[in-house]
**Student:** 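Dumping the structure here so I can ask a few things about it.
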Amino acid sequence: MSAPVFRNPVVRWIDYRLPVFTFLNHELNEYPTPRNLSYWWNFGSLAGIMLVTMIVTGIVLAMHYTPHTDYAFESVERIMRDVNYGWLIRYLHMNGASMFFIITFIHMFRGLYYGSYKAPRELLWILGVVILLIMMATAFMGYVLPWGQMSFWGATVITNLFSAIPFVGENVVSWLWGGFAVDNPTLNRFYSLHYLLPFVLVGVVVLHLIALHRFGSNNPLGIDTKGPQDTLPFHPYYTAKDMFGLGVFLIFYALVVFFAPNLFGEPDNYTPANPLATPAHIVPEWYFLPFYAILRAVPNKLGGVVLMFAAIFVLFILPWLDRSPVRSARFRPIYKIFFWILVVDCVVLGVVGANPPEGTWVVIGRIATIWYFLHFIVLLPLLSRLERPRPLPVSISQPVLSGGGYAPAPARAMDKA
Amino acid sequence: MVHGAEAVRGQAGGHGHGEGGGSRRDFLILATTAVGAVGAASVLWPFIDQMNPSADVLALSTVEVDLSPIAVGQAITVKWRGKPVFIRHRTEEEIQAARSVQLGELRDPEADEARAQRPEWLITVGVCTHLGCIPLGQKATDPKGDYGGWFCPCHGSHYDTSGRIRRGPAPQNLVVPDYVYASDTVVRIGEVGPAGGAAA
């Protein structure tokens, strides 16, 4: 790509010394993108927009929040009642976390379906899993800050996970707490880290984008682009497509914020934290439910904790578990079936996590947990050997343009009105 | 798929071509940008307004003071909206000094009668109108400046017994807050009286 010539002399002067405009033009304007991306490819940019939304609303909330066990709950209520538009900004932030996870989960299942984790995008995928882990830590600590009953007992249960570590578990937990129970020191450090981690997230997202732009986006066919006839410049084609998707998403986001702001929340969290009484039925936020179900599926403290973390860590080695050279499930008839079973399995795990660990829920939880690991550790390696994929198209443009393809630049004028 | 490719091709070729097509695109871009700008502004406003005083801060905007323990010649300082308010129980000489001044001599001409609802009680915001320091003159041992009122140590502004600026860099008199007498001995600072203001 040759350096662009900018018309504005100020831009030219700056760009000669500090080539930010060349960089932006290269990565956002002419950046060649597969021409066949579907709306499933909107969720990456949506996740980025949600990260920015969370940081902006979070900085505003930090202006009004008091990180102290005696004042935290009331300062949040003050935000809701007294601060100008505080209710709006808090509901944007609170539901923004749920939106961020919905988008990220769809983004990840998109990657699973179209094999976006396969060579040469293994590091891109691994960075994505790192992003998920940091997101989970940030969301967990953010949920503690309002200092309601669920905040307190969620913090107690999750930090107690670390007590399962042999020998040093108790020491690790009291180190996390800064005391003998979740208390003011815990709240203070969680607040500090909750403010810090989103900026770490920005850093990892930048790495994620650098890795993405190295080989460009995967696409629904899962085959490499073979030249300009297979790609479109990012702007205006995908900026417009992303903007349209953003509009649709914002309608959904606004519906939740304005009409059902506590849809994803737990009523118990509007009761101030009481270290002397646990609520009857405590559940984590919905985005942790599948992992929570895996934790409870094992009738052994250490085993449950290990398996729960393994459920995420198995994603790190996914590129080496699925050895099939074909990326897209479109050409993998058997994988496609197992993909959808996995989606159902994760939903089932979520439902199990939301229900009390009694009766049939325990059995269902165990079967779903076994299936989750079976899928990644046994079925995927097996499928890569046994499955017979359907023939791949020669190129992205070939099935569309039987005439052998054309580049978008010398296109005909539109003659239809 | 074929249909989609057609649309893309049409778009790519649409630039700069076709009479009417160009102006329709201009209209769409303009309309979209306008709607987007209105949307962005309406999103921006809550994020700006959240820094304005909140409802609980505004609710603290009046304070009641019992004047009965304050002896003649004594002054007290109360906190109102985070700022000091000077309440001075003026002596007869101080009232005389304040009322005998020719208004033409003053930098910020204002009659003492307009600054004190009852002559014996002078109530002003104790913040120098120069750059916001708190003038001295409340305690018996404080320097009161050359005009027997207040003296600001930061940059040397002198205020008289009516809290009016007489010398130094301050541009205006000490501000008289809204207040009403709830009874003979209780004053409520921050409340606008039925007459609307501090007129005597």
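A note on names: the letters A, B, ... follow the listed sequences, proteins ahead of strands, and every chain is numbered from 1.
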**Student:** I need the contact set between residues 73-89 of chain B and chain A: heavy-atom distance under 4.5 Å, sorted by residue number.
**Tutor:** none
**Student:** Under 6.0 Å from the CH2 atom of A/W40, do we count more than 12 heavy atoms belonging to anything else shown?
**Tutor:**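 Incorrect, the count does not exceed 12.
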**Student:** I need the contact set between residues 136-162 of chain B and chain A: heavy-atom distance under 4.5 Å, sorted by residue number.
**Tutor:** none
**Student:** In terms of heavy-atom proximity below 4.5 Å to chain B, should A/L92 be classed as side chain, backbone, both, or neither?
**Tutor:** side chain
**Student:** Check the surroundings of atom OH in B/Y181: do more than 12 heavy atoms from other residues, nucleotides or ligands lie under 6.0 Å from it?
**Tutor:** yes
**Student:** Which residues in residues 56-75 of chain A have any heavy atom lying under 4.5 Å from a heavy atom of chain B?
**Tutor:**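 Interface residues of residues 56-75 of chain A: A/V56, A/T57, A/V60, A/M63, A/H64.
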**Student:** A/N84 side chain to B/D49 main-chain N or O, any donor-acceptor pair under 3.5 Å?
**Tutor:**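 Yes; at least one donor-acceptor contact below 3.5 Å.
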**Student:** Quick check: are there more than 12 heavy atoms from other residues, nucleotides or ligands sitting under 6.0 Å from CZ of A/F259?
**Tutor:** no
**Student:** Applying side-chain hydrogen bond (donor to acceptor under 3.5 Å, both in side chains), can you list everything that pairs with B/D108, at least two apart in sequence or on another chain?
**Tutor:**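 With sequence neighbours excluded, B/D108 shows a side-chain hydrogen bond (donor to acceptor under 3.5 Å, both in side chains) to B/N173, given in chain and number order.
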**Student:** Which heavy atom of B/S54 sits nearest to which heavy atom of A/D82, and what is that distance?
**Tutor:** CB-O, 3.2 Å
